[in-house]
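Worth saying up front: this structure is predicted, and the values here are computed from it rather than measured. Hydrogens, waters and symmetry mates play no part in the numbers below; they use all other heavy atoms, side chains included.
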Amino acid sequence: MSIKPTCREVHQLTSESMDRDLSMVERARMHMHLLICTACRNFTNQMQFLRRAMQEIVPADREEDQERPPR
């Protein structure tokens, strides 16, 4: 494991951060890479946007299910 992670490692950390808290070392390595890599910054921002969008959609679907009469 090098100090500066590869783009592939940052993509993996981005995905993992959606499901768990990253360690301080993982966050620091990812932050260092994101400072210099525009492509990974864009990827991370897009993943965060999709995550927020999905979180907004799911509650609306659950409300609709509650309003529908049982079949």
If I take atom [atom1] from residue [X] and atom [atom2] from residue [Y], how far apart are they, to the nearest 0.5 angstrom?
| X | Y | atom1 | atom2 | value |
| --- | --- | --- | --- | --- |
| Asn45 | Cys40 | CG | SG | 11.0 Å |
| Phe49 | Asn42 | CZ | CG | 13.5 Å |
| Leu34 | Thr44 | CG | OG1 | 4.5 Å |

Worksheet entry | Path from Phe43 to Leu50 over hydrophobic side-chain contacts below 4.5 Å |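 No; Leu50 is not reachable from Phe43 via cluster members.
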
Practice prompt. Please check if atom CZ in Arg20 has more than 12 non-hydrogen atoms from other residues, nucleotides or ligands closer than 6.0 Å.
Written response: yes

Practice prompt. Using a cut-off of 6.0 Å, state whether more than 12 heavy atoms not belonging to Met24 lie near its atom CE.
Written response: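 Counting neighbours around CE of Met24, 12 or fewer heavy atoms of other residues, nucleotides or ligands fall under 6.0 Å, so no.
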
How close do [X] and [Y] get, heavy atom to heavy atom, and via which atoms?
| X | Y | result |
| --- | --- | --- |
| Thr14 | Met30 | OG1-CE, 3.2 Å |
| Thr6 | His33 | C-CE1, 3.9 Å |
| Arg41 | Leu35 | NH1-O, 3.4 Å |
| Met18 | Gln48 | CE-N, 3.8 Å |

Worksheet item: Do any N or O atoms from the side chain of Glu56 and from the backbone of Ala53 form a donor-acceptor pair under 3.5 angstrom?
Response: no

Item to complete: Check the pair Arg29, Glu9 against side-chain contact (heavy atoms from CB on, under 4.5 Å), reporting the backbone distance first and the verdict last.
Response: CA-CA 10 Å; Arg29 291 180 72 233; Glu9 290 172 307; 3.8 Å; yes

